[in-house]
Amino acid sequence: MHPLTTYLLLRRRLGWRLLREIGWARLMILVPMLGLAVGRALLLAAPHPQAQWAVPVTVAALLASAHRQRADLRFLATSAPAFRRWLAVEYGLLSGPVALVLVAFGDWGAALLTLVLAPAVAALPPARESRSTQHRARSLFRSEAFEWVSGMRAGGLWAWPLLLAGAVWQHWSPLGPVVALVLWLLVLLACYGTPEPLTMLVLAGRTPRQFLRRRLLLGLGYAALTAAPFVWLLAAGPAGGGGAAAVALGWLGLVGLLILTKYAFYPNATHIRTTQALVVGVALLLPGNPVYPVLLLVAVGGVIWQSQRRLHRIIGEPSHHA
């Protein structure tokens, strides 16, 4: 059997194992929600003359974020010299359905760019190898906000100005700043999807309520600062100040939910990421739906209760401080 075929079969087996770990109950909710949310975004972007070009960039950015965080890159580099070609094929296959949707709308150029950018992601180095900006990142964000420090090193520092440039380019339409905010939310989703070591929680020396309050204060503070230019562009456009304020509050609320969800399912990274993805999927899919406020209230109340309960088990246990 060809080594590439063996690699792809192994990746499929690992993907199946991950799905089993997530659980069928979560998958029955998560897959339809995310499918509808992604489909809705594609159907909105594909017919648009300018927005269609954001699709290949978004696909490449999401793949790059996942690629640079892969734990098996060093192993593949030492055991398979041709591993980057394997990764290029894998990423090309993953981006294929998106390219087909673009082709269905006649966006041949955007579809081709998708199939070019996605495999090119395989050439990127692991995030751990990019340490040259360590001092600069610490000067921009407090070390206590470690999600932001590591997330900006992993690509956020170049993603933010690119998104801002795109929002300025499309500032005449509310879609430009709103799409930029959604993509920036996905960047933050990657930042808050990885649980920190247990020792960092224990050494914080705070009660669960104090710990969550501090995490929310830091996370929402930096989120508000980085989102402010996008909100200003939205307010200066047809949406006006009222529409921009509503979008800003909703966006910050989602960031707060991502933070709470992280600690509601700590330290299981798979459950954290899948639940965060479900939160984002529901938020993008159901605005304006009559059940949306009810789902939002249930989600907020549930993650607040569950996060405090989970942290109380970890921080409140005397044995952990011994």
Side-chain angles (χ1 to χ4, degrees), residues 65 69 127 131 133-161 163-164 180-232 245 247-269 271-273 275-277 279-280 283 299-316 320:
S65 176
Q69 300 297 327
R131 295 298 186 185
T133 59
Q134 182 176 1
H135 177 73
R136 226 177 336 177
R138 286 184 175 176
S139 67
L140 288 173
F141 303 98
R142 292 173 61 94
S143 58
E144 188 180 359
F146 50 86
E147 298 98 343
W148 285 80
V149 175
S150 60
M152 295 309 106
R153 284 188 205 149
L157 283 177
W158 60 262
W160 187 84
L163 292 174
L164 183 58
L181 279 173
V182 171
L183 295 179
W184 186 236
L185 180 68
L186 295 180
V187 174
L188 300 187
L189 179 65
C191 296
Y192 283 99
T194 303
E196 65 269 32
L198 178 64
T199 52
M200 295 183 68
L201 271 68
V202 176
L203 294 176
R206 295 185 175 97
T207 65
R209 184 170 297 179
Q210 292 171 337
F211 181 85
L212 282 176
R213 188 183 301 125
R214 184 61 180 169
R215 303 316 304 161
L216 288 169
L217 179 64
L218 285 169
L220 293 177
Y222 284 128
L225 286 174
T226 55
F230 303 102
V231 176
W232 180 82
V247 170
L249 287 175
W251 188 85
L252 286 174
L254 282 176
V255 175
L257 276 175
L258 296 183
I259 298 172
L260 290 170
T261 301
K262 173 184 176 181
Y263 294 105
F265 294 92
Y266 181 92
N268 192 311
H271 292 173
I272 290 173
R273 291 167 183 165
T275 310
Q276 287 176 333
V279 168
V280 173
V300 171
V303 294
I304 290 176
W305 176 80
Q306 176 65 14
S307 57
Q308 291 192 12
R309 179 170 173 265
R310 184 60 62 93
L311 287 174
H312 182 74
R313 291 179 179 177
I314 299 169
I315 301 176
H320 286 303

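Minimum heavy-atom separation, Ala145 to Tyr222: CB-CE1, 3.5 Å. Residues Gly256 and Leu220 share a closest heavy-atom pair of N-CD2, 3.7 Å. Here the shortest heavy-atom pairing between Glu196 and Leu201 reads OE2-CD1, 3.1 Å. Nearest heavy atoms, Pro229 versus Trp160: CG-CZ2, 3.7 Å. In terms of heavy atoms, Val303 sits closest to Ala264 at O-CB, 4.0 Å. The minimum heavy-atom distance between Ile314 and Tyr266, with the atom names listed, is CD1-CD2, 3.3 Å.
When atom types are taken as modelled, the side chain of Gln276 and the backbone of Tyr192 share a donor-acceptor pair closer than 3.5 angstrom. Arg273 contributes a side-chain N or O that, together with a main-chain N or O of Gly193, makes up a donor-acceptor pair within less than 3.5 Å.
Judged by distance alone, the side chains of Thr226 and Trp184 do bring a donor and an acceptor atom under 3.5 Å apart.
Here the straight-line distance linking atom OG1 of Thr275 with atom CG of Leu257 works out to 11.5 Å at 0.5 Å rounding. Put simply, CG on Leu260 and CG on Leu216 are 5.0 Å apart, with the number rounded to the nearest 0.5 Å. In this structure, CG on Leu157 lies 6.0 Å from CZ on Phe141, to the nearest 0.5 angstrom. Taking CD of Glu144 as the reference point, atom CG of Leu218 lies at 5.0 Å (rounded to 0.5 Å). Taken to the nearest 0.5 Å, the OG1 atom of Thr261 stands 10.5 Å off from the CD1 atom of Ile304. Distance CZ/Phe265 to CZ/Arg310: 7.5 Å, rounded to 0.5 Å.
Considering only heavy atoms from C-beta on, Met152 comes within 4.5 Å of Cys191 through its side chain. For the pair Leu258 and Lys262, the minimum side-chain heavy-atom distance is 4.5 Å or more. Looking at heavy atoms from C-beta onward, Ile315 lies out of side-chain contact with Thr207 at the 4.5 angstrom threshold. Between Ser307 and Phe211, the closest side-chain pair of non-hydrogen atoms is not below 4.5 Å. By the 4.5 Å heavy-atom criterion applied to side chains, Arg213 and Arg206 are not counted as neighbours. Considering only heavy atoms from C-beta on, Val182 stays 4.5 Å or farther from Trp251 through its side chain. Residues Val231 and Val247 fail the side-chain proximity criterion, which asks for heavy atoms closer than 4.5 Å.
The neighbour count for Arg209 CZ, taken as heavy atoms of other residues, nucleotides or ligands under 6.0 Å away, does not exceed 12.
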